[in-house]
Chemist: 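Quick one: the structure is below, questions incoming.
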Amino acid sequence: MNPQGWTREQMAQRAALDIPDGSYVNLGIGIPEMVVQFVPEGREFIYQTENGLLGMGPDPQPGHEDPDLINAGKKPVTAIPGAAFFHHADSFVMIRGGHIDICVLGAMQVSASGDLANWSTGASDAIPAVGGAMDLVAGVKTIFVITQHQTKNGEPKIVEHCTCPLTGKGVVDRIFTNLAVIDVTSEGLAVRDLAPGISFDYVQERTPVSLKLDIKK
Amino acid sequence: MNPQGWTREQMAQRAALDIPDGSYVNLGIGIPEMVVQFVPEGREFIYQTENGLLGMGPDPQPGHEDPDLINAGKKPVTAIPGAAFFHHADSFVMIRGGHIDICVLGAMQVSASGDLANWSTGASDAIPAVGGAMDLVAGVKTIFVITQHQTKNGEPKIVEHCTCPLTGKGVVDRIFTNLAVIDVTSEGLAVRDLAPGISFDYVQERTPVSLKLDIKK
Amino acid sequence: MIDKTIASAADGVSDIFDGSTVMIGGFGEAGSPIELIHALIDHGASGLTVVNNNTGSGHVGLAALIETGNVRKMICSYPRTANSMVFPDLYRSGKIELELVPQGSLAERIRAGGAGIPAFYTQTSVGTVLSEGKEEREFDGKTFVMERGLKADFALVKCRCADRFGNLLFNKTARNFNPIMCTAANITIAQTEQIVELGGIDPEHVVTPGIFVDRVLLLENPAQESKLVAEGITYP
Amino acid sequence: MIDKTIASAADGVSDIFDGSTVMIGGFGEAGSPIELIHALIDHGASGLTVVNNNTGSGHVGLAALIETGNVRKMICSYPRTANSMVFPDLYRSGKIELELVPQGSLAERIRAGGAGIPAFYTQTSVGTVLSEGKEEREFDGKTFVMERGLKADFALVKCRCADRFGNLLFNKTARNFNPIMCTAANITIAQTEQIVELGGIDPEHVVTPGIFVDRVLLLENPAQESKLVAEGITYP
């Protein structure tokens, strides 16, 4: 048994498996950015980046980076055939108007009721910076979160109530951790999948919120 | 003395004289449409039509009409070099955001305080139709009105208070009639110009609001 | 694979249900998706609320749709034009409802609907009968009226060029309400004079990104409303 | 004749006054009008309120402007990035004010400012600390927060191509905030890599119509912020 469960890449790949063919997808910074590498065979996703591109493609070849063609994390990207450029207000029409199907975000904390905290530790000396996170959770139909199950110090990231400042209340639909895939449902958190060799009890021991095992195969 | 004063064409030409070089101008339906023919020597105006064109040009040559290139009155027009097409929301950003310098409109009635009525007689069997008139008077910096001084039945069109439903309150800046050019000022209506052979008294007799003669030459 | 092209106008409108709100692009005949409207007439949903700047002309296109009696309510800014008889007659006889909205407020309400904005404030119509019953509010010493965002179940639009992702280009002033209606409808059906390969539309030139479009119908030689009217044609 | 071209960056910014609100285009370095910002540093207006998504990087461009101490307040969504030290230091020492706005609300507030909309409602930030002190209101059973339109005295933007009417084209994701800032400022100054004759820009492709632009400066080879930062360059 590997007590670490899925790697970062495997978490991204597992999340990609749950994205339906033809989805319009926005990817947050960090592990979510890796999702772009794992489009399942036979599916086509269209990636939106909120700084003004629909149809974001894979990373550019080294030496072909264009400083005017970047993603929301300000990293160089490419544009696929059939892409479109637009300004920021039009970009957030897509996001805030409910046109993006799925957004995959990182998290500091997710609560049992789907509250998300991912923009600020709330520390007094921190420089607050929110970017598009609050717009995405408010506007996108389905919110996926990819996160380590615990912090490096072994603190839980799935909690009864978030202690960090919220990004949005009751916004998260599904959580992909290194240990499990967990849905936020009206009856509480439901484990839908477990990493190879990880037991439900192992996950529950590391989660201070009651989980329900409900794997639909 | 010609008791009719200026012709329709002369009214349009007189209004064009008061449009500064470089102005962005929207023209209403009717006599205002004629203004486009009378750009004074040495000036350049850019005409906006609210159905999505900045840089409206002269009428097309017969046989060159394009049903997809029309003005707000749904008449065929042309586009000048340097024109731009855009959708209706962007078009009304120009109008409602205060970016158009001058709008020239027709009128049923104008009041002493610059109220304009030009969209509905208020008759019970009329089909109400407003188009962009209320947006234009609310958003454009300067509103010119071109109108006959009186109705065909000799009723005044410049009145103390409008009896027709308003398009906007206190919106008109300058009125070009067949008899005179009249400014709406905080001290009342001021005659700035008279048609050739028309006396101030002749205008005052046909206007049920006290006028002030204040021609600045 | 994403391929939004459909085979027929009938396929495009087949799920438009009784009581739907349908936005129909165009300003007069420019940009009016006349073939999709005719397919909707054939399909025959009743109790529709239709959003368009006008009410059509003659007895084809939007005017013909209204003439079927299946339009319960029109939301528009200018319901009469030279050749519009259908709407005025129904309106005078009390058989159709009218919500009259200033043209710019109509456009902004549609954009707001597409942008997730339930309400906004504007100076347009303040002090007129068209602001009656609407909330007024002061900002920075000026009076504004609150207008609500407008959404639709379906939008029918006409464009010049499209690809299988649903990216759209329009033709001159036939652009008008079409792009914003694409954003405000749950399902958008576009008829296009041309379909190109992916990449055939420069990403810098895309007017409506495909995310706002659900179905694309190739209609290479669409009818011109004013010609049909001049020929005295009626639909169906 | 309408000719909005100007001879120098100094001419472009010469009337920016103390206490102005200045919108500066760009998302990170993409679309950042670095030469116009440097001209503003040379010009030296104080007490500025600056609107930008970020706060610049290194000691050039926006970061350099902030470093002069002439920026009283930043309105932005993401004031820290990999190479931004200037703003964080000033902020921690209480020498600069920050109004933090979600990126989409910032974009929509700027568009509203340009569109004559003093306020609108959005779901973004409801239930978070960023909605504190803002009016909340229910529409159709959901809670929204009221955001105000945002205007500026000046906008500094960067584009790829322009003509003498001020029509603008941008480059890829360097478009970002630039077009909406053009609409929201009293005076917009655009630096462009190319100026073409009237008609050289297809009217179907215009991104920013000239009505929103007051001054156009040709700057064929603009500096790239990240290169200046990598070279350790500081301005002035």
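Residue numbers begin at 1 in each chain, while the letters A, B, ... track the order of the sequences. Only this structure's heavy atoms are used, side chains among them; waters, hydrogens and symmetry mates stay out.
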Chemist: Among residues 18-34 of chain B, which residues come closer than 4.5 Å to chain C, judged by heavy atom distances?
Modeler: none

Chemist: Under a 4.5 Å heavy-atom cut-off, does chain B meet the side chain of Leu98(C), its backbone, both or neither?
Modeler: side chain

Chemist: A side-chain contact here means heavy atoms from C-beta on lying under 4.5 Å apart; do Ile127(B) and Arg92(C) qualify?
Modeler: yes

Chemist: Which atom pair, heavy atoms only, marks the closest approach of Leu130(C) to Val130(B)?
Modeler: CD1-CG1, 3.9 Å

Chemist: Between Thr173(C) and Asp68(B), which heavy-atom pair has the shortest distance, and what is it?
Modeler: OG1-O, 2.7 Å

Chemist: So Thr128(C) and Thr167(B), do their side chains get closer than 4.5 Å, heavy atoms only?
Modeler: no

Chemist: Looking at chain B, which one of Gly104(C), Cys76(C), Ser77(C) has the largest number of heavy-atom pairs inside 4.5 Å, strictly under?
Modeler: Gly104(C)

Chemist: With chain B as the partner, which of Ala30(C), Ala174(C), Ser105(C) has the greatest number of non-hydrogen pairs under 4.5 Å?
Modeler: Ser105(C)

Chemist: Among Gly127(C), Pro102(C), Ala107(C), Gly28(C), which residue has the highest count of heavy-atom pairs closer than 4.5 Å to chain B?
Modeler: Pro102(C)

Chemist: Pro67(B), Gly131(B), Gly52(B): which one forms the most heavy-atom pairs within less than 4.5 Å of chain C?
Modeler: Gly131(B)

Chemist: Please classify the contact of Val207(C) with chain B as side chain, backbone, both or neither, using a heavy-atom distance under 4.5 Å.
Modeler: neither

Chemist: Output the residues of residues 133-151 of chain B for which the shortest heavy-atom distance to chain C is under 4.5 Å, in residue-number order; output 'none' if no such residue exists.
Modeler: Met134(B), Asp135(B), Ala138(B)

Chemist: Anything in residues 72-96 of chain B with a heavy-atom distance to chain C below 4.5 Å? Please list those residues in order.
Modeler: Ala72(B), Lys74(B), Phe85(B), Phe86(B), His87(B), His88(B), Ala89(B), Phe92(B), Arg96(B)

Chemist: How far does OG1 of Thr143(C) sit from NZ of Lys169(B), to the nearest 0.5 angstrom?
Modeler: 10.5 Å

Chemist: What residues of residues 106-125 of chain B sit under 4.5 Å from chain C when only non-hydrogen atoms are counted?
Modeler: Trp119(B), Asp125(B)

